[in-house]
Amino acid sequence: MSDRDVPDGPTASGYAVELRDVVKRYPGGGDEPVVALDSVDFAVRPGEFVAVVGPSGSGKSTLLNVLGLLDDPTSGQRLLDGTDVTSLSVGERTQARKESIGFVFQDFHLLPTLTAVENVALPTAFDPGDASDRAAELLARFGLGERLDHEPTELSGGQKQRVAIARSLINEPAVLLADEPTGNLDTETGESILGEFERVKSEGVAVIAVTHDPLVEEYADRVVDLTDGVLTGGIPEDDADDSPGPTPDADDDARRSGRVRRGGRQTATTDAGGER
Amino acid sequence: MSRDGSAGRSDGLAGWLRGWGPAVSMASRNLRRNRVRTVLAVLGVCIGVLAVAALGIFGNVLALGADDAIGDIGTQVVVSPNNDAGVESLSDADVASIRRAVDGPAVVPLYSDSATVARQGDQTFATVYGVEEPALAYEAAEGRLPERHRQGAILGAGIAEDLSAGAGDTVEIAGSQVRVIAVLVESQTFSPVAPDDAVFLPESAFSADGYAQALVVSDSGAEARAAADAIREAVNAREERVDLFELAALVDEINEFFDLLSTFLLGLGAISLVVAGVSILNVMLMSTVERRQEIGVMRAVGVTRRDVLRVLLAEAGLIGAAGAAAGTLLTVLLVAGLVIATPAVDAALVIDRTNAYYLLLALVFGVGVGIVSGAYPAWKAANERPVEALRS
């Protein structure tokens with residue numbers, strides 16, 4: 001019983017982002033390379049909110065970097081909006097990041113010399129045309145309409161993270177990648193930030209958050225676990241039966257009201273929950 | 001730089017220029033973050049530019065002053081018979097061929113002798129020249145130089161002073177009384193034919209069968225050199241009949257020396273500019289290391305390497321430009337102050353057009369040093385992988 005429609009999520013034929021059999025190895029200190037990602041299959045639909053959990057050093061950051069085109073996989077295939085983006089030149093990767101990927105970091109990573117609205121417009125700062133109107137609009141949507149010309153030092157943590165989310169959306173990305181988005185926020189602010197993620201995904205953006213915060217897991221449509229480079233539940237379960245078109249928001253009401261774990265519907269969630 | 005941001009934005013020069021607007025804006029804000037450091041770097045460039053511009057101008061003023069002082073040394077060529085070849089004097093034919101060869105400059109042949117010159121108890125030993133057209137080579141300070149020298153004596157400034165003689169007085173030259181018709185202006189030049197301590201008489205006073213020397217008087221050093229070359233070619237073609245004394249070559253050497261001095265002074269200034277460059281390099285390296293994460297974030301959210309490079313180059317360029325502008329202004333003030341404080345310096349030499357060239361040179365150098373020293377840190381920061389930069 002979905003209380004709101006996901007605009008294009010379910011109707012989209014493919015995934016917003018997908019990894020196929022991706023391996024990432026780093027040259028280690030010894031002879032043996034460190035395997036950060038081990039045959040990872042991962043796919044996220046547009047409008048889906050996926051939380052990636054797992055112990056420290058399990059490869060979560062690597063996963064995010066590979067998904068975000070900051071790092072290339074050693075082997076395997078990477079698709080963005082159905083396009084193969086496994087091996088791009090540096091320039092192409094930069095362009096693809098700007099057009100299709102939004103980043104939200106634990107430390108917000110706003111540029112201290114720029115105002116809120118300039119930070120939001122940063123990805124397009126060097127492009128023709130002025131994006132400040134759209135940036136102001138985005139900030140207003142996140143309740144910061146009064147703080148457009150404030151510098152980051154004049155903003156609270158929650159406000160900074162909202163600016164960061166607005167920045168990640170300036171180019172209407174297909175995927176929003178969040179690295180511990182609530183890590184530096186108190187519970188209440190964290191919840192409101194997660195509320196913003198709900199709105200973002202309702203616009204058809206695939207949201208992937210790497211987290212240690214149980215709160216994030218509560219908001220996620222799907223929780224996948226990454227331990228020692230092995231990802232469990234990377235592919236939505238109903239796709240195993242070849243039935244694309246998930247209903248990620250099915251339990252929204254229940255989850256909202258009671259903050260209950262979404263058990264049963266997706267094994268990954270159960271697994272992840274079980275390990276904790 | 002591969003194809004950073006090629007899609008939809010590499011529309012030629014306009015697109016390239018547009019990117020500098022936000023880059024300079026960001027750069028100036030970044031520079032304001034650490035004002036003390038920025039000001040110190042600017043000061044370094046300022047001093048470097050001051051050194052280059054001021055020393056350059058000092059050298060140039062020295063050279064211009066020397067040029068002014070040695071003045072027309074270089075415009076006179078003295079032709080003498082070549083004693084080594086057995087030529088004792090210059091014949092009329094020699095003088096005629098010299099006249100034909102030089103085409104333009106006046107040729108003034110001279111007889112030469114020496115005699116005691118006396119007046120009212122003072123007496124001195126002087127060179128006596130016989131000259132027909134003194135007005136071609138000399139100027140009178142007193143009296144008038146005749147077109148054709150028929151009678152009377154023309155005194156050099158030095159002799160006139162020694163004997164306290166002026167135009168209209170009578171002096172005794174080699175025993176006979178001669179009226180002084182003119183006194184020459186004091187000579188500024190250095191020449192084997194030294195008019196200051198000489199007396200000029202009409203040619204008729206001499207009974208020699210040839211001229212001792214011939215003066216070739218030109219308007220410029222270049223003309224004098226051309227005349228000397230022409231004489232060598234025409235008169236000395238078959239045998240070395242004449243010796244040439246030309247000061248144009250000497251003037252060239254003096255000029256060369258001052259060029260060397262200017263270069264040396266510029267080099268001294270350049271050293272301080274290099275030091276300023278190193279300080280910019282240091283500032284930019286420190287600031288890019290400190291802002292490593294920020295640069296990583298810019299790259300992660302889709303700012304191209306080229307644009308990151310632009311921001312950082314703009315920072316270094318702004319430091320260089322600010323320092324260069326301040327240094328140029330300081331130089332102008334310093335030089336103006338020196339001119340006012342030192343009456344010996346001729347203001348006309350200082351406002352010479354060539355000095356502006358040194359100012360411009362220093363200005364360009366200042367900005368250039370900024371950009372060159374900023375290039376390595378900027379390139380390094382722009383090319384760092386965002387993954388690494390974000391990790392720290």
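Fair warning: this is a prediction, and the values are worked out from it, not measured in the lab.
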Residue Phe365(B) excluded, over 12 heavy atoms near CZ under 6.0 Å: no
Sub-4.5 Å side-chain heavy-atom contact between Val275(B) and Val278(B): no
Side-chain touch Glu384(B)/Arg299(B), heavy atoms, less than 4.5 angstrom: no
Chain A contacts, top residue of Pro386(B), Pro22(B), Ala300(B) (heavy-atom pairs, under 4.5 Å): Ala300(B)
Pair Thr115(A)-Glu118(A), side-chain hydrogen bond (donor to acceptor under 3.5 Å, both in side chains): steps then yes or no: CA-CA 5 Å; Thr115(A) 64; Glu118(A) 286 168 332; 3.2 Å; yes
Modelled atom types, side-chain donor and acceptor of Asp307(B) and Thr304(B), under 3.5 Å: yes
Minimum side-chain heavy-atom gap Phe58(B)-Asn355(B) below 4.5 Å: no
Ser58(A) versus Asp228(A), side-chain donor and acceptor atoms under 3.5 Å: no
Part of Arg93(A) within contact of chain B (heavy atom distance under 4.5 Å): neither
Salt-bridge contact Glu48(A)-Lys201(A) (side-chain N to carboxylate O under 4.0 Å): no
Asp130(A) and Ser132(A): side chain donor to acceptor below 3.5 Å: yes
Portion of Ile170(A) that has a non-hydrogen atom of chain B nearer than 4.5 angstrom: neither
Residue-level interface, residues 60-84 of chain A with chain B, non-hydrogen cut-off under 4.5 Å: Asn65(A), Leu70(A), Asp71(A)
Any side-chain heavy-atom pair of Ile295(B) and Leu312(B) under 4.5 Å: yes
Inter-chain contacts: residues 27-35 of chain B against chain A, heavy atoms under 4.5 Å: Arg29(B), Asn30(B), Arg33(B)
Plane angle bin for Phe105(A) and His109(A) - parallel if under 30°, tilted between 30 and 60°, otherwise perpendicular: perpendicular
